[in-house]
2 protein chains.
Amino acid sequence: MSCASLYAPELRARGFRMTSQRKAILHVLHHSGDHLSPAEIFERARREAPGLTYPTVYRTLEFLAKNGLAMPAHIVGKKQLAYQIVGESHHHLICRSCGSSLEVGLDALEPAIRQLEASSGYRFINSHVTLLGLCPKCQKEAG
Amino acid sequence: MSCASLYAPELRARGFRMTSQRKAILHVLHHSGDHLSPAEIFERARREAPGLTYPTVYRTLEFLAKNGLAMPAHIVGKKQLAYQIVGESHHHLICRSCGSSLEVGLDALEPAIRQLEASSGYRFINSHVTLLGLCPKCQKEAG
DNA sequence: TAATTTATTGCAAAAATTTGCAATAAGGAA
DNA sequence: TTCCTTATTGCAAATTTTTGCAATAAATTA
Ligand SMILES: [Mn+2]
Ligand SMILES: [Mn+2]
Ligand SMILES: [Zn+2]
Ligand SMILES: [Zn+2]
């Protein structure tokens, strides 16, 4: 029983198909919960889906993002775009000097985002925000 | 008189150098104001800096982002990471179904971000947030 | 101005990501 | 179950992005 059964109805309702490749990738994202690079996802998912290829990994991640099942996150300083399963709302605050990071809970930005949902008419906003700043340590060093 | 003279002191104070390549790229970003892909930046900047190469463009954009002079933005549906000069604070709300987008003014999220600056100790947060949602039209179609 | 230091660049090659298209297989219909 | 339609995949090739390293040039000093 794969966790992919959670997502299958969602996809089929929109005319998409649940394939073994998508199951494997969703399984990896779902159980890791973390931000994973395409390469990490490829390595882990192909244990369940032998024959899996890189083009499929990239296309699937883009597909999941477009459909609101995964969130992309670009972290300055890391070259690869990472993906994470949609779950607990949270955001990232990263020091652009030393790279140290802080996870920001949903209470910080979420109210403003819900407000925006109301005023814009857009709905189902998945927020996965990466903010860049200077951490306290680097503020001192920079003067 | 290039607009790069605006940025030179900033860089030199941190031990970096203002080069003809950086001048050209800053000039392009500064006067466009828009989100530009590395390829667009390369094409425009090399008019002023002949001999400019792609590795330099990529390294410079990463450099400007790390130093708070430019903001990267990953737009789901577009493959390339785009960059924009740091200027008016604003955010993007994009429909993950049809791609239509809305610019979100600084009043929507900025108060929450200033609040976060206070509570986290991080400072000089450049926010350039891309939020994904479903626009009103696509909400109807999706049911 | 000339010399010095080293941040930055260009080049060539490697690695990552995207694309076109024919083959495959998921899901629905018979 | 078998047949159909077409969304999805794998493959090969194209394109984009990154990296190592020697050559270059910005800024400081003499
Ligand atoms: Mn995250
Ligand atoms: Mn923008
Ligand atoms: Zn820091
Ligand atoms: Zn839409």
Side-chain angles (χ1 to χ4, degrees), chain A residues 2 4-5 7-26 35-46 48-67 69-70 72-83 97, chain B residues 2 4-5 7-26 35-46 48-67 69-70 72-83 97:
Chain A
S2 169
S5 55
Y7 306 106
E10 179 99 10
L11 294 188
R12 264 181 293 231
R14 301 185 204 174
F16 301 121
R17 298 173 184 178
M18 178 55 80
T19 65
S20 62
Q21 294 87 345
R22 286 178 181 170
K23 275 182 197 160
I25 290 171
L26 279 166
H35 306 100
L36 298 178
S37 69
E40 291 170 320
I41 292 165
F42 172 77
E43 285 306 333
R44 300 185 192 189
R46 72 165 162 177
E48 284 187 58
L52 181 67
T53 62
Y54 265 105
T56 296
V57 169
Y58 283 101
R59 281 188 284 224
T60 300
L61 292 172
E62 179 83 25
F63 169 84
L64 295 176
K66 276 197 66 163
N67 287 288
L69 301 183
H74 173 254
I75 311 295
V76 172
K78 300 201 174 181
K79 43 238 141 197
Q80 294 186 311
L81 191 66
Y83 287 85
S97 177
Chain B
S2 169
S5 55
Y7 305 106
E10 177 101 10
L11 293 188
R12 265 182 292 233
R14 302 184 202 174
F16 300 121
R17 297 172 184 180
M18 179 55 81
T19 65
S20 61
Q21 294 85 346
R22 286 178 181 169
K23 276 182 198 161
I25 289 171
L26 279 166
H35 305 99
L36 299 178
S37 69
E40 291 170 320
I41 292 165
F42 172 76
E43 285 307 331
R44 299 186 193 188
R46 74 165 161 176
E48 284 188 58
L52 180 68
T53 62
Y54 265 105
T56 296
V57 170
Y58 283 101
R59 282 187 284 225
T60 300
L61 292 173
E62 179 83 27
F63 169 85
L64 295 176
K66 275 197 67 163
N67 289 95
L69 301 183
H74 173 254
I75 310 294
V76 172
K78 300 201 174 182
K79 42 239 142 195
Q80 294 186 310
L81 191 66
Y83 287 84
S97 177

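Just so you know, these numbers come straight off a predicted model, no measurement behind them. Basis for what follows: all heavy atoms, side chains included, without hydrogens, waters or symmetry-related copies. Proteins get letters first, then strands, A, B, ... in listed order; numbering begins at 1 in each.
The 5' end of DNA chain D is approached more closely, in terms of each residue's nearest nucleotide, by A/F16 than by the other of B/R12 and A/F16.
The CZ-C1' distance, from B/R14 to C/dT8, rounds to 17 Å in whole Å. Computed from coordinates, the B/L61 CG to C/dT8 P distance equals 15 Å when rounded to whole Å. In this structure, B/F63 atom CZ and D/dA26 atom C1' are separated by 13 Å, rounded to whole Å. In this structure, the CD atom of B/E62 is 14 Å from the P atom of C/dT8, given to the nearest Å. In this structure, B/L81 atom CG and C/dT18 atom P are separated by 11 Å, rounded to whole Å.
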Do nucleotides 9-16 of chain C as a string where each nucleotide becomes B, S or -: B if the base has a protein heavy atom under 4.0 Å, S if just the sugar-phosphate does, - if no protein is that close. SBBB---S
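Checked by atom type and distance alone, the side chain of A/T60 pairs as donor or acceptor with a backbone atom of A/T56 at under 3.5 Å. Judged purely by atom type and a 3.5 angstrom limit, A/E40 uses its side chain to pair as donor or acceptor with the backbone of A/S37.
The shortest heavy-atom contact between B/A45 and B/L52 is CB-CD2, 3.7 Å. Between B/A82 and B/H35, the shortest heavy-atom distance links the atoms CB-CB, 3.9 Å. Across all their heavy atoms, B/Y83 and B/L81 have their closest contact at OH-CD2, 3.5 Å.
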Contact list (N/O, under 3.5 angstrom) for nucleotides 2-6 of chain D vs protein:
| unit_1 | atom_1 | unit_2 | atom_2 | d |
| --- | --- | --- | --- | --- |
| D/dT6 | O2 | A/R17 | NH1 | 3.2 |
| D/dT6 | O2 | A/R17 | NH2 | 3.3 |

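A distance of 12.0 Å separates CD in A/E43 from CG in A/L36, rounded to the nearest 0.5 Å. Separation of atoms CG (A/N67) and CD (A/E62) is listed at 10.5 Å; rounding is to 0.5 Å.
Contact of the A/L69 side chain with the A/Y7 side chain is registered, since non-hydrogen atoms from C-beta on lie closer than 4.5 Å.
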